[in-house]
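What follows is one structure encoded as structure tokens, with my remarks underneath.
Counting begins at 1 with the first residue of the sequence.
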Amino acid sequence: MPRLTFLKSALLIGALLVPGTATAATAIATTNVNLRAGPSTAYPPVNVVRGGEDVRVYGCLANRSWCDVDFYGQRGWMSSNYLAFVRGGVRYTGERSVRYIGAPVVTYSFGDYWDRYYRDRPFYRERQRWDGIYGPRIFDRGGPPRRDWRDGPPPPPYARRDDRRWEERRDERRDRWEERREERRQRWEDRRDRYEDGPPRWQRTDAGPFDPEGYDRDY
């Protein structure tokens with residue numbers, strides 16, 4: 001009999017140390033809040049949880065800021081600021097509710113989570129857009145990141161001084177410029193040589209032989 005009494009006492013003490021174990025996976029939304037596809041407001045919404053609706057909490061991040069929940073068969077993440085737990089007439093909200101219901105610590109794996117729950121969602125086709133918001137990136141986006149228009153125009157191609165290709169292209173442009181300048185100079189010399197004997201007849205003021213003093217120079 002004393003042994004049975006001891007076991008009952010031990011179970012009672014355990015229940016007091018871990019309150020709410022029987023309902024540890026259930027919480028209430030304190031207001032209308034988005035159920036999101038990841039632990040950040042930058043992720044797309046999955047649904048809207050109405051205030052007062054029950055959600056089943058599968059776990060929360062180590063800092064207790066976001067929790068992985070189920071809402072009528074839809075999985076997603078909710079901020080713990082909008083979760084509540086009521087027991088014995090006392091209402092616990094935010095991180096206090098998470099600690100009280102004993103939600104386990106879980107991690108968020110972007111690729112695995114989206115593959116498991118969002119393959120039929122329209123935003124799944126654009127998942128690279130949300131890659132790297134929380135945790136490491138899993139997709140190679142390729143190319144430099146997009147520049148904001150407020151950062152000014154992008155630098156010209158091959159603008160790096162230590163890039164050999166930039167130097168080669170610079171030399172090529174310089175050679176082409178020199179060639180064009182030489183061509184223009186040669187054409188100017190040809191025109192000047194052509195007029196050494198005077199301007200053409202249609203520019204002369206007389207129809208006779210060329211006389212340096214007898215034609216209009218204003219041309």
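Checked by atom type, the side-chain pair Asp115/Tyr124 shows a donor-acceptor distance below 3.5 Å.
Nearest heavy atoms, Arg36 versus Trp66: CD-CH2, 4.4 Å. Residues Gly59 and Val106 approach most closely at C-CG2, 3.5 Å, considering heavy atoms. Scanning both residues, Ala27 and Val57, for their nearest heavy atoms gives CB-CG2, 3.9 Å. Annotation for Phe71 and Asp54: closest pair CD1-O, 3.8 Å, computed over non-hydrogen atoms. The heavy-atom pair separating Ala29 from Arg50 by the smallest distance is CB-O, 3.6 Å.
Residues Phe139 and Tyr108 are members of one and the same hydrophobic cluster, defined by side-chain heavy-atom contacts under 4.5 angstrom among Ile, Leu, Val, Met, Phe, Trp and Tyr. No continuous path of ILVMFWY side-chain contacts below 4.5 Å connects Val105 to Trp77, so the two sit in separate hydrophobic clusters. Under the 4.5 Å side-chain heavy-atom criterion for grouping Ile, Leu, Val, Met, Phe, Trp and Tyr, Met78 is not connected to Val48 through any hydrophobic cluster. Under the 4.5 Å side-chain contact rule for hydrophobic residues, Leu83 and Val86 do not share a cluster.
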Test side chain to side chain contact (heavy atoms under 4.5 Å, CB included) applied to Ile28 and Glu53, step by step: CA-CA 6 Å; Ile28 302 171; Glu53 293 277 6; over 6 Å; no
Stepwise side chain to side chain contact (heavy atoms under 4.5 Å, CB included) test for Val55 and Val49: CA-CA 8 Å; Val55 294; Val49 181; 3.9 Å; yes
Audit row: Arg185, Glu182, salt bridge (charged side-chain N to carboxylate O under 4.0 Å, His left out) steps and yes/no: CA-CA 5 Å; Arg185 190 188 65 80; Glu182 182 63 24; 2.5 Å; yes
Worked check of side chain to side chain donor-acceptor pair (under 3.5 Å) between Tyr117 and Gln74: CA-CA 8 Å; Tyr117 301 114; Gln74 300 175 86; over 6 Å; no
Stepwise side chain to side chain contact (heavy atoms under 4.5 Å, CB included) check, Tyr43 with Phe123: CA-CA 10 Å; Tyr43 285 105; Phe123 56 74; over 6 Å; no
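The number of heavy atoms from other shown groups lying within 6.0 Å of CZ (Arg91) does not exceed 12. Annotation: Tyr92, atom OH; neighbour count of heavy atoms from other residues, nucleotides and ligands within 6.0 Å is above 12.
The closest donor-acceptor contact from the side chain of Tyr113 to the backbone of Ala37 lies at 3.5 Å or more, if one exists at all. Under a 3.5 Å cut-off, the side chain of Tyr118 and the backbone N or O of Arg75 do form a donor-acceptor pair. A side-chain donor-acceptor contact under 3.5 Å links Asn32 to the backbone of Gly51. Looking only at distances, no side-chain donor or acceptor of Thr26 sits under 3.5 Å from a matching main-chain atom of Arg56. Of the possible polar contacts, none joining the Thr30 side chain to the Ala84 backbone as a donor-acceptor pair under 3.5 Å is found.
Between atom CG of residue Asn81 and atom SG of residue Cys67 there is a gap of 10.0 Å, rounded to the nearest 0.5 Å. Rounding to the nearest 0.5 angstrom, the gap separating the CD1 atom in Ile101 from the CZ atom in Phe85 is 7.0 Å. The CD atom of Glu126 sits 10.0 Å away from the CD atom of Gln128 when rounded to the nearest 0.5 Å. In this structure, the separation between OG on Ser79 and CG on Asn34 is 11.5 Å, given to the nearest 0.5 Å. Atom CG of Asp112 and atom CH2 of Trp114 lie 13.5 Å apart (nearest 0.5 Å). Distance check: Tyr82 OH to Thr93 OG1 gives 12.0 Å after rounding to the nearest 0.5 Å.
Look at Asp131 and Arg127 and you find no salt bridge, because none of the NZ, NE, NH1 or NH2 atoms lies under 4.0 Å from a carboxylate O.
Within the 4.5 Å cutoff, no side-chain heavy atoms of Tyr58 are placed close to those of Val69.
For Arg180, there are no salt bridge (Lys or Arg N to Asp or Glu O under 4.0 Å) partners at least two apart in sequence or on another chain.
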